[in-house]
Amino acid sequence: MLYQSDRPRPHHYTFGHRLLPGLALRGRVDFRELASRALLDQLLLTWWRDVGEGLPAEERLPHDGLQAGLASAGAVPVVLVTMPEARHAAEAYFVALTPAAESGAWRCFTLEHTWTFDDQSGTMLGEWTAKGHVNYGGGPAPARQAFLSALQSLATGS
């Protein structure tokens, strides 16, 4: 079988791999406060629309499924962003924001769609840091609780 080499859609990738990590790493947004006050969902929709407006009309995607909520990965608080359906390599199913050691900053983890060498759908755990993207290898099924369970050891460094 041939290995899938499809590319992520620009709208999906830019939002999940550029916009959210950029905001998280700069510590300019209190994601947990916004989520606890039920304001984050509307802000995500605004940001999604803004990313789309910078793209040609044919590359814009609907925001179907985009939402955020509070969760935890063991003792680590998480703001979990559920992305629109991931269909192509590197598109994120979820983006998880956890408090960083620096006050006000966030760590940004992803569960991404990928293809295996035998052309099967799979997932990959990743993290955006100030130095770039870290690939932690194969991830769990693209389900909320499975991702949070896998995130527990990554977020605590154990």
Side-chain angles (χ1 to χ4, degrees), residues 1-27 29 31-32 35 40-41 44-45 47-48 50-52 54-55 59-102 105-158:
M1 290 191 143
L2 294 175
Y3 176 71
Q4 283 282 358
S5 62
D6 65 338
R7 297 189 182 276
R9 296 167 290 176
H11 196 164
H12 206 287
Y13 186 86
T14 300
F15 188 84
H17 287 283
R18 296 289 184 245
L19 182 105
L20 291 178
L23 292 170
L25 293 171
R26 286 190 212 65
V29 177
F31 291 99
R32 189 171 25 194
L40 188 53
D41 282 343
L44 289 173
L45 295 177
W47 290 336
W48 183 265
D50 291 349
V51 168
L55 297 169
E59 292 183 359
R60 296 177 190 159
L61 299 173
H63 60 75
D64 300 344
L66 181 63
Q67 63 182 6
L70 296 172
S72 62
V76 177
V78 177
V79 175
L80 185 64
V81 177
T82 301
M83 296 285 291
E85 182 181 1
R87 296 182 183 167
H88 300 276
E91 291 183 356
Y93 292 102
F94 299 101
V95 176
L97 306 163
T98 65
E102 306 82 36
W106 297 85
R107 294 179 72 186
C108 185
F109 297 94
T110 55
L111 182 65
E112 303 167 29
H113 180 73
T114 192
W115 297 101
T116 65
F117 287 111
D118 60 352
D119 210 23
Q120 300 298 309
S121 179
T123 66
M124 192 269 304
L125 288 165
E127 180 178 6
W128 282 98
T129 70
K131 294 181 180 181
H133 190 261
V134 177
N135 180 340
Y136 292 114
R144 181 182 197 272
Q145 196 53 52
F147 178 46
L148 290 170
S149 293
L151 186 61
Q152 186 173 352
S153 63
L154 291 176
T156 59
S158 58

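What you see is a predicted model; the values in this text were computed from it and never measured.
With rounding to the nearest 0.5 angstrom, the NE2 atom of H113 is 8.0 Å from the NE2 atom of H88. Interatomic distance, OG1 of T98 versus CG of L151, reported as 6.5 Å (0.5 Å rounding).
Looking at residues two or more places apart in sequence or on another chain, you find a ring pair (Phe, Tyr, Trp, His ring centres under 6.0 Å) between F147 and F94. By the side-chain contact (heavy atoms from CB on, under 4.5 Å) test, A105 is found to be paired with A100, E102, residues two or more places apart in sequence or in another chain being considered. Contacts of E112 classified as side-chain hydrogen bond (donor to acceptor under 3.5 Å, both in side chains), with partners at least two apart in sequence or in another chain: T110, H133. Every residue two or more places apart in sequence or in another chain was checked for a salt bridge (Lys or Arg N to Asp or Glu O under 4.0 Å) with R144, and none qualifies. In this structure, the side-chain contact (heavy atoms from CB on, under 4.5 Å) partners of T129, at least two apart in sequence or on a different chain, are E127, K131, V134. The side-chain hydrogen bond (donor to acceptor under 3.5 Å, both in side chains) search around W47 returns none, not counting sequence neighbours. Every residue was checked against the side-chain contact (heavy atoms from CB on, under 4.5 Å) condition with A141, not counting sequence neighbours, and none meets it. Shown here are the salt bridge (Lys or Arg N to Asp or Glu O under 4.0 Å) partners of E59, two or more places apart in sequence or in another chain: there are none. A search for side-chain hydrogen bond (donor to acceptor under 3.5 Å, both in side chains) contacts involving Y13 returns nothing, not counting sequence neighbours.
Looking at T114, its side chain never comes within 3.5 Å of a backbone N or O of G122 through a donor-acceptor pair.
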Pair up each side-chain donor or acceptor in residues 60-82 with any protein partner under 3.5 Å, not counting sequence neighbours, and list the distances.
unit_1	atom_1	unit_2	atom_2	d
R60	NE	G52	O	2.7
R60	NE	L55	O	3.2
R60	NH2	L55	O	3.0

Only distances under 3.5 Å count here; give the side-chain donor-acceptor pairs of residues 16-24 to other protein atoms, sequence neighbours excluded, each with its distance to 0.1 Å.
unit_1	atom_1	unit_2	atom_2	d
H17	ND1	W128	NE1	2.9
H17	NE2	A90	O	2.6

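Closest approach of R32 and P99 over heavy atoms only: NH2-CG, 3.8 Å. Minimum interatomic distance between A150 and L125 (heavy atoms only, all atoms of both residues): CB-CD1, 4.0 Å. Among all heavy-atom pairs drawn from L111 and P140, the shortest one is CD1-CD, 3.7 Å. Closest heavy-atom contact between A155 and R107: O-NH1, 3.2 Å.
Using a 4.5 Å cut-off on side-chain heavy atoms (C-beta onward), W48 and P84 make contact. In this structure, the side chains of P10 and V51 stay at 4.5 Å or more apart for every pair of heavy atoms.
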| Would F15 and V95 count as a side-chain contact (heavy atoms from CB on, under 4.5 Å) if you check the C-alpha gap in whole Å, the side-chain angles of each, and the deciding distance to 0.1 Å? | CA-CA 10 Å; F15 188 84; V95 176; over 6 Å; no
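Contacts classified as salt bridge (Lys or Arg N to Asp or Glu O under 4.0 Å) and involving residues 86-98 (residues at least two apart or in different chains) are given here: R9-E91, E85-R87.
Between W106 and F31, the angle of the ring planes goes over 60°, which puts this pair in the perpendicular group of the 30/60° scheme.
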